[in-house]
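Notes to accompany the following structure.
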Amino acid sequence: MPVTTTRTLPAAILREVQKAVIGKDLVLTKVLLAFLAGGHVLMEDMPGVGKTTLTMAFSKALGLNCRRVQFTPDVLPSDLTGFSVYEKNTGTFVFQPGALFCHLLLADEINRTSSKTQAALLEAMEESNVTVEGKTYALPRPHLVIATQNPLGCVGTQSLPESQLDRFLMRLHMGYPEIQDEVAILKGHAARDPLEDVQPVCTPEQLEALQQQAAAVYVDDRLYYYAASVSRATREHPQTVLGVSPRGTLALIQSAKAMAMLRGRDYLLPDDIMPLCQDVLAHRILTKGGVAAEQVLDEVLHQVPAPMPDRR
């Protein structure tokens with residue numbers, strides 16, 4: 001593994017992932033931001049645009065143990081959390097860990113499984129623990145989830161409940177590649193799997209150190225008030241049924257602090273917050289009358305003035 005510092009490590013991670021995921025640099029940066037903030041990512045797109053490749057590339061570059069679960073209607077909660085098996089030789093029940101016991105879980109097509117199975121993720125995503133038969137088990141740290149979601153209307157899909165959506169730090173869209181990028185993808189796959197070129201440049205311990213560095217970024221009180229004001233305005237908007245929760249406000253600040261760190265600063269600016277609002281907040285807003293949550297958020301961001309705290 002090449003020698004890196006906390007300042008150069010994020011760029012090194014992105015360079016490795018870009019070997020396998022072509023033409024989606026902004027999406028890759030946002031996924032890394034979510035990981036630096038200790039959060040989970042919901043990727044919403046049509047099948048076949050590279051969501052699984054993105055996840056596998058990050059797991060290799062970050063040196064994380066990764067598991068993939070294809071969420072179909074017959075997947076059970078115990079497939080994720082684990083279960084106890086009676087051993088006749090010892091006369092005891094032995095816990096068998098489920099798929100959640102990894103650093104990075106790829107929950108593929110999460111909106112095709114049952115609500116009960118989706119709910120099995122809630123404790124893990126919030127507390128990095130699972131409780132089985134009254135006993136709590138700690139998950140490996142860091143514990144991150146990338147879930148993919150097919151657009152509603154695709155065969156066998158159902159909406160995720162609001163409580164589930166609120167656990168995702170960001171909702172991102174990859175979209176189809178540009179034609180030149182698609183040609184590069186075709187050429188890259190002609191000889192070998194591009195994932196074979198991705199090398200680990202980080203360890204779980206180094207990722208945790210980066211997360212701690214991001215968490216230590218200084219935030220002026222006026223920026224806390226700005227983030228809270230944006231969230232409050234979404235709750236009071238006439239076209240919303242549910243606005244951004246306090247968990248969502250916290251997610252916005254955490255993401256922005258990671259952005260500041262990625263930009264080489266140990267203090268937050270409004271420019272770190274505003275570009276992330278749609279990705280962090282829109283999926284937490286429930287609207288009425290067919291109005292898009294993104295439209296509501298645009299209106300709110302135009303109404304709430306951003307402060308300019310003194311630079312440190």
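Below, all heavy atoms of this structure are taken into account, side chains as well, without hydrogens, waters or symmetry copies.
At least one donor-acceptor pair closer than 3.5 Å links the side chain of Lys60 to the backbone N or O of Leu195. Checking side-chain atoms of Asp166 against main-chain N and O of Ser163 turns up no donor-acceptor pair under 3.5 Å. His237 contributes a side-chain N or O that, together with a main-chain N or O of Gln239, makes up a donor-acceptor pair within less than 3.5 Å. For the pair Thr240 (side chain) and Thr287 (backbone), a donor-acceptor distance under 3.5 Å is absent. A distance-only check finds a donor-acceptor pair linking the side chain of Thr234 to the backbone of Ser231 [under 3.5 Å].
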Could you please spell out the steps behind the side chain to side chain donor-acceptor pair (under 3.5 Å) verdict for Thr136 and Thr131? CA-CA 4 Å; Thr136 300; Thr131 301; 3.1 Å; yes
Evaluate Glu162 against Arg284 for salt bridge (Lys or Arg N to Asp or Glu O under 4.0 Å), listing each step before the verdict. CA-CA 7 Å; Glu162 287 75 21; Arg284 306 171 193 272; over 6 Å; no
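Here CD1 of Ile285 is found 8.0 Å from CD of Glu294. Values are rounded to the nearest 0.5 Å.
Looking at Gln149, His283, Lys51 one by one, the single match for side chain to side chain donor-acceptor pair (under 3.5 Å) with Glu44 turns out to be Gln149.
Geometrically, Arg222 does not engage Tyr225 in a cation-pi contact defined by less than 6.0 Å to the ring centre and at most 45° from the axis.
No continuous path of ILVMFWY side-chain contacts below 4.5 Å connects Leu165 to Val241, so the two sit in separate hydrophobic clusters.
Here Lys257 does not pair with Asp272 in a salt bridge; the nearest charged N to carboxylate O distance is not below 4.0 Å.
Ring centroid separation for the pair Phe93 and Phe83 does not come in under the 6.0 Å cut-off.
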